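In listed order, ligands and their atoms are each counted from 1. If you read the sequence from its start, that first residue is 1, and numbering goes on from there. Owing to the predicted nature of the structure, the values given are computational and were not obtained by experimental measurement. Below, each value reflects all heavy atoms present in this structure, side chains not excepted, and no hydrogens, waters or symmetry copies.
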Amino acid sequence: MARTQVGIIGAGPAGLLLSYLLHAEGIDAVVLEARSREYVEKRVRAGVCEHPTVELLREIGVGTRLDAEGLPHHGFSLRFDGRDHRIALSELTGRTITVYGQQEIVKDLIAAHEAKGYPVEFEVSDVELAELDTERPRVTYRDADGAPRELDCDVIAGCDGFHGVSRPTIPGGQVKSFDREYPFAWLGVLAQTPPSDEELIYTHHERGFALHSMRSPEITRLYLQVPHDEKIENWPDDRIWSELSARLATESEFSLREGPILDKGVTPMRSFVAEPMQYGRLFLAGDAAHIVPPTGAKGMNLAVADVRVLSRALVDLLLHNRSERAVSYSDTCLRRVWRAEHFSWYMTSMLHVDPASDEFQRRLQLSQLRYTASSRAAATSLAENYVGLPFE
Ligand code: APR
Ligand code: PHB
């Protein structure tokens, strides 16, 4: 049987960053990932890094490509009533966000593991967790060749996303979950065309929400609100472009730049929190513990914040035999998680068209948008949440 201090399930941003932070402190860890390296490096996800996320990646030495290729943003636009209302992030908060695809961070972290020889096993299957309520939890799995393996650990980190095995392994009644489903989803496209504007544009339109974002000076990322059970087959490329132009249209000269669509997919929207984020020697982090709708761009940033807290707790627990931070791990994380849950729900509710809403709700929504755009206090509140509150 193999042995490690921390068995990490999942090679998304949470699992990889946790592994890297632990190794840097001299703690041994092994990452086990169900998918192939190619798959996780190509999976198109969100792309907004909060200020604290960027600082952390830089601090630990994995920010070189992020600094070279990431696009710093000093503001974004709320577009409604056919006009732009700029939220001046850096003027209001002194901080910026950086647009850099999540899969680029995953690539950088995998390369950093490879360079240092830290173990990441891809294409594992049948992962099962056992003995979670003892000081010797165990992971059993099959390696890429199908051979059965066992990993004896001090701690297991469940970083395996919303559909992973870690959270469901916790015995019934030990975790409580809170959730909201939204009656819409996002259709996301990656297009080979320069962005139509330098900044992100969050658009509220009677036909539904639309978002203009980007990945590089040559690649645009765009999203459309669609019904929650929408099939991607209903959206040939020309329908996507015409719907985007209709929703993004302004009174002035905005024109949407079209180009070949490189990737498209529908993502459901939900809010979800599992409490506590821990059971015995199993700690949950990232999407395994909570989901936010993508409107506030918080998903990956929350995963980063969780593992920062977890790495400190595990340093105390495994190197100094002090358990205070491990015991308070869940409470510490949940404060930031619920702030992000509220913010993402608020941004989602303010910007989307709820098919069940009536005229009263639509007028409230427009009033909220107009207030946010015209009051420095309201804009500052939005901006400080958007750029990311400081780590505790
Ligand atoms: N065994 C091993 N690996 C698994 C298993 C399993 N049973 N189930 C899932 N995984 C892997 C997935 O293939 C994925 O690579 O766990 C990883 C989880 O990674 P993410 O889904 O990226 O989650 P996380 O690291 O928490 O990052 C959160 O990801 O989903 C986005 O919007 C979310 O941006 C946020 C970020
Ligand atoms: C993205 O570029 O993928 C993106 C940007 C902002 C969001 C969500 C996603 O709120």
>> Under the side-chain hydrogen bond (donor to acceptor under 3.5 Å, both in side chains) definition, can you give me all pairs with a residue in residues 50-60, not counting sequence neighbours?
In response: Glu50-Lys298, Glu50-Arg336, Thr53-Asn301, Arg58-Asp67

>> Which option wins on minimum heavy-atom distance to atom 4 (C) of ligand 2: Tyr223, Phe76, Tyr202?
In response: Tyr223

> Are the side chain of His290 and the backbone N or O of Val273 linked by a donor-acceptor pair below 3.5 Å?
Replying inline: no

> Should you measure from each heavy atom of Ala297, which atoms of ligand 2 turn up under 4.0 Å away?
Replying inline: 7 (C), 10 (O)

>> Angle between ring planes, Tyr223 versus Trp186, binned at 30° and 60°: parallel, tilted or perpendicular?
In response: tilted

> Should Val99 be listed as contacting ligand 2, given a heavy-atom distance under 4.0 Å as the test?
Replying inline: no

> Is it the side chain, the backbone, both or neither of Ser213 that has a heavy atom closer than 4.0 Å to ligand 2?
Replying inline: side chain

>> As a test of understanding, state which of Arg138, Arg281, Arg3 forms a salt bridge (Lys or Arg N to Asp or Glu O under 4.0 Å) with Asp154.
In response: Arg3

>> Give the atom numbers and elements of ligand 2 that come within less than 4.0 Å of a heavy atom of Leu211.
In response: 5 (C), 6 (C), 7 (C), 8 (C)

>> If we ignore hydrogens and angles and just use 3.5 Å, is the side chain of Arg136 paired with the main-chain N or O of Glu131 as donor and acceptor?
In response: no

>> When you compare ligand 2 with Pro294, is there at least one nitrogen or oxygen pair between them that comes in under 3.5 angstrom?
In response: yes

Any protein N or O within less than 3.5 Å of an N or O in ligand 1? List each pair with its distance, or say none.
residue  : atom   : partner : partner atom : Å
ligand 1 : 3 (N)  : Ala34   : N            : 3.1
ligand 1 : 13 (O) : Glu33   : OE2          : 2.6
ligand 1 : 15 (O) : Glu33   : OE1          : 2.6
ligand 1 : 15 (O) : Glu33   : OE2          : 3.2
ligand 1 : 15 (O) : Arg43   : NH2          : 2.8
ligand 1 : 21 (O) : Arg45   : NH2          : 3.3
ligand 1 : 22 (O) : Arg45   : NH1          : 2.9
ligand 1 : 25 (O) : Pro13   : N            : 3.2
ligand 1 : 25 (O) : Ala14   : N            : 2.9
ligand 1 : 26 (O) : Asp287  : N            : 2.8
ligand 1 : 29 (O) : Arg45   : NH1          : 3.0
ligand 1 : 29 (O) : Gln102  : NE2          : 3.1
ligand 1 : 30 (O) : Arg45   : NH1          : 3.1
ligand 1 : 30 (O) : Asp287  : OD2          : 2.5
ligand 1 : 34 (O) : Gln102  : OE1          : 2.5
ligand 1 : 34 (O) : Met300  : N            : 2.9

>> Could you identify the single nearest non-hydrogen protein atom to atom 5 (C) of ligand 2 and state the distance to 0.1 Å?
In response: Val48 CG2, 3.5 Å

> Can the ring centres of Phe184 and Phe209 be said to be less than 6.0 Å apart?
Replying inline: no

>> Contact between ligand 2 and Met347 is defined here as a heavy atom of the residue under 4.0 Å from a ligand atom; is it met?
In response: no

>> Among residues at least two apart in sequence or on other chains, which ones pass side-chain contact (heavy atoms from CB on, under 4.5 Å) with Lys264?
In response: Val189, Ile232, Asp237, Ile240, Ile261

> Looking at Thr295, which atoms of ligand 2 are within less than 4.0 Å of one of its heavy atoms?
Replying inline: 10 (O)

>> Show me the pairs that pass side-chain hydrogen bond (donor to acceptor under 3.5 Å, both in side chains) and involve residues 8-23, at least two apart or across chains.
In response: Ser19-His113

> salt bridge (Lys or Arg N to Asp or Glu O under 4.0 Å) between Glu121 and Arg149: does it pass, once the steps are laid out?
Replying inline: CA-CA 12 Å; Glu121 288 192 41; Arg149 301 273 175 206; 5.6 Å; no

>> Evaluate Glu324 against Arg322 for salt bridge (Lys or Arg N to Asp or Glu O under 4.0 Å), listing each step before the verdict.
In response: CA-CA 6 Å; Glu324 293 87 343; Arg322 292 177 60 106; 3.7 Å; yes

>> I'd like to check which ligand 2 atoms, numbered from 1 as shown, lie under 4.0 Å from a non-hydrogen atom of Leu200.
In response: 5 (C), 6 (C)

> Short N/O distance, under 3.5 Å, between Trp186 and ligand 2?
Replying inline: no

>> Looking at Thr96 and Ser90, would you say the former's side chain and the latter's main chain have a donor-acceptor pair under 3.5 Å?
In response: no

